[in-house]
There are 2 protein chains.
Amino acid sequence: MEHDEQAVQLLQRSSAREHTKPCQTSLPRTHCQDCSLATLCLPNSSDFDDGGAAIEIVKRSRPLKRGEYLYRQGDQFNCVFAVCSGALKTFGLSDDGEELITGFHLPSELVGLSGMGSNIYPVSALALEETQVCRIPLKQLDEQPLELPYLRRRLMRCMSRELRDNQQMRLLLSKKNADERIAAFLIDLSARFRSRDLPANQFRLPMLRNEIGSYLGLAVETVSRVFTRFQQMRLIAAEGKEVHILAPLELSTLAGWHLDDSPI
Amino acid sequence: MEHDEQAVQLLQRSSAREHTKPCQTSLPRTHCQDCSLATLCLPNSSDFDDGGAAIEIVKRSRPLKRGEYLYRQGDQFNCVFAVCSGALKTFGLSDDGEELITGFHLPSELVGLSGMGSNIYPVSALALEETQVCRIPLKQLDEQPLELPYLRRRLMRCMSRELRDNQQMRLLLSKKNADERIAAFLIDLSARFRSRDLPANQFRLPMLRNEIGSYLGLAVETVSRVFTRFQQMRLIAAEGKEVHILAPLELSTLAGWHLDDSPI
DNA sequence: CGCGCTCTTGAAACTCTTCAACCTCGGTGG
DNA sequence: CCACCGAGGTTGAAGAGTTTCAAGAGCGCG
């Protein structure tokens, strides 16, 4: 597992007209405009009053292998990342060295926002599978005020969104039992797949059972038991990481989302 | 309990030279410069490159009485608030109508950030005691990009801070037992009092036991039992809401903060 | 092929919640 | 002035849910 600076080695991005020779890693030159996630990663493209400036500073990194770090807890904060493909987890370490997962990040989602206000990343980010990200270099927003109103707003909105998600997770962790937590977790994942126009009721979990447990504040064994119980109840069909949601409505009811389901 | 719009009735702020006649509510005219919390609420005043513009838009509201709402869950997002005096709690409602507390807000701290990216406040904010706030009208940061770099940065930093605090709370809720939660809660409060140059080891809790429980994901009875146990262990002395921390170090150890204690 | 990791399952142990009772205190009204 | 009342707080005992410990099955990979 390499460290951030090596791991995220940036490509030289070719400008629109300029034709550069292929670099060693032979990665595709990319533009946000070409990206299949553009509408998700940069929503409201009508809002593009930066004249393309925002896009110019976003660069795609070389792919991360499974188990590779995007950044580590304590690293100097450089930039925020948008996931292009694959999946990441962010986590910190507890006193006894146990890994405590704070989030999973799928394509079209941003990673690293929590480091924004300070000099360092407060958690580590690691690839759960072959993963590609786009790097949004911000240095310190403090020292170098962004002159890109569009991107700034987008970041603001994402942070606010993450704040609300976090609060909802806190409610989940304080008040919900194991069944409700797993149900909510599956429904949440389902919605995130749907937002990418992927099958919402049939997907592959990018994380292990024990990672689900760490995220939801449950022991692995409990996660496993709940999965088994859900299958007996015909709510889901699961085979390893492959999951079919058989009864989405019942599952949603079980999850019992209440505060604000609507992401606005 | 009144609604936001009535509750937060703004004063006309007098300009520096202009002498206006007292208004009916006879509240003191205030400036950020005069505020005892200025260095906390607006840290790094050397950084004041807005030429005072940021300060101009901040207005102090009339005091809220205990039990009065600052805003309600679902209200349209108008502004962020800085607490001047008193204390607030923010909370949502669960399916069964139970109140779920997401945070306590003491003087010098901001309230309402989680509504920033959307049109509405995702939680309610209510005064735990006589409370005064300063209103920072932002409308929608989206539509009306702030031209106040200093204030914008301050908000950014606060959101990021809140993100990290939230993640730490999630760790607390997933992994810590009742003793550890209460210890962490007291240590956190202690630090927040200290940052205002108030006694860090002797303070009055602005919230009820059941509110502590709601915040920490514990039953009231559990909170009460832990308080009793801590007193038997001579970690604290508590009489109602009045708390003395007798053994700050032991309490910190018990709390076992690990991820990032340093607020940067 | 076997080793290790993941996942599953069972039984015991433990923590926290729930239910119920009681206490204290401050406010209110007789 | 005192009794009453309700809210907040404390304490005990029973019960539920989850963790922990232990063992075994499945599976991929060197």
Side-chain angles (χ1 to χ4, degrees), chain A residues 1 65-67 89 94 96 98-101 126 128-130 171-186 204-233 236-243 254 256, chain B residues 65-67 89 94 96 98-101 126 128-129 171-186 204-233 236-243 254 256:
Chain A
M1 306 195 189
K65 289 190 288 289
R66 172 182 167 80
K89 66 177 173 183
S94 70
D96 51 352
E98 192 193 357
E99 163 179 311
L100 300 172
I101 294 178
L126 182 142
L128 295 172
E129 52 191 46
E130 180 99 357
L171 301 186
L172 179 141
L173 291 171
S174 14
K175 303 292 175 186
K176 294 195 181 300
N177 64 24
D179 285 20
E180 293 167 332
R181 292 183 199 193
I182 303 274
F185 176 72
L186 291 172
R204 183 180 169 77
L205 300 173
M207 71 291 288
L208 305 176
R209 296 283 191 275
N210 77 44
E211 292 172 323
I212 298 176
S214 171
Y215 179 64
L216 296 177
L218 299 170
V220 202
E221 295 92 329
T222 307
V223 175
S224 185
R225 275 184 252 271
V226 174
F227 267 79
T228 306
R229 199 175 321 133
F230 279 4
Q231 292 187 78
Q232 291 164 349
M233 297 162 74
I236 65 170
E239 204 175 314
K241 294 184 173 174
E242 213 63 52
V243 172
L254 221 178
Chain B
K65 289 189 288 289
R66 172 182 165 80
K89 65 176 174 184
S94 71
D96 52 352
E98 192 193 359
E99 162 180 313
L100 300 173
I101 295 179
L126 182 142
L128 295 172
E129 52 191 45
L171 301 187
L172 178 143
L173 291 171
S174 10
K175 303 294 175 186
K176 294 195 181 297
N177 64 24
D179 285 21
E180 294 166 332
R181 292 183 199 193
I182 304 275
F185 175 72
L186 291 173
R204 182 180 169 79
L205 300 172
M207 71 292 285
L208 305 175
R209 295 283 191 276
N210 76 45
E211 292 172 323
I212 297 176
S214 171
Y215 179 64
L216 296 178
L218 298 171
V220 202
E221 296 91 330
T222 306
V223 175
S224 186
R225 275 184 252 270
V226 174
F227 267 79
T228 306
R229 200 177 318 136
F230 279 4
Q231 293 188 77
Q232 291 165 348
M233 297 162 74
I236 64 170
E239 202 176 315
K241 293 183 172 173
E242 214 63 50
V243 173
L254 221 179

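Quick note on labels: first sequence line is chain A, next is B, and so on, each numbered from 1. Quantities reported herein were computed from a predicted structural model and do not represent experimental measurements.
Applying the side chain to side chain contact (heavy atoms under 4.5 Å, CB included) rule to B:E242 yields the partners B:R204; only residues at least two apart in sequence or on another chain are considered. Shown here are the salt bridge (Lys or Arg N to Asp or Glu O under 4.0 Å) partners of A:E129, two or more places apart in sequence or in another chain: there are none. For B:R229, the side-chain hydrogen bond (donor to acceptor under 3.5 Å, both in side chains) partners at least two apart in sequence or on another chain are B:D179.
Pairs engaging residues 205-222 of chain B under the salt bridge (charged side-chain N to carboxylate O under 4.0 Å, His left out) rule: B:K89-B:E211 [sequence neighbours left out].
Among all heavy-atom pairs drawn from B:E98 and A:K175, the shortest one is OE2-NZ, 3.8 Å. Of all non-hydrogen atoms in B:L216 and B:L173, the two that sit nearest each other are O-CD2, 3.2 Å. Minimum interatomic distance between A:S174 and B:G217 (heavy atoms only, all atoms of both residues): CB-CA, 3.5 Å. Of all heavy-atom pairs spanning A:R181 and A:L172, the tightest one is CG-CD2, 3.5 Å.
Spacing between atom CD of A:E211 and atom P of C:dC5 amounts to 14 Å, rounded to whole angstrom units. One can place CZ of A:F230 at 17 Å from P of C:dC7, the figure rounded to the nearest angstrom. One atom, CD of B:E242, and another, C1' of C:dC25, lie 16 Å apart when rounded to the nearest Å.
Axis angle across the helix from C:dT17-D:dA14 to C:dG30-D:dC1, with five pairs used at each end and values rounded to 10°: 10°.
Panel note: side chain A:R66, backbone A:E130; no donor-acceptor pair is recorded below 3.5 Å. Panel note: side chain A:S214, backbone A:N210; no donor-acceptor pair is recorded below 3.5 Å.
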Are any protein N/O atoms closer than 3.5 Å to N/O atoms in nucleotides 13-20 of chain C? If there are, list each pair with its distance.
unit_1	atom_1	unit_2	atom_2	d
C:dC16	OP1	B:A178	N	2.6
C:dT17	OP1	B:G217	O	3.4
C:dT17	OP1	B:A219	N	3.2
C:dT17	OP2	B:A219	N	3.2
C:dT17	OP2	B:T222	OG1	2.3
C:dT18	O4	B:R225	NH2	2.9
C:dC19	N4	B:E221	OE2	3.2

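Think of the region where chain A sits on DNA chain D: with heavy atoms and a 4.0 Å cut, that region ends 5' and 3' at D:dT18 to D:dC21.
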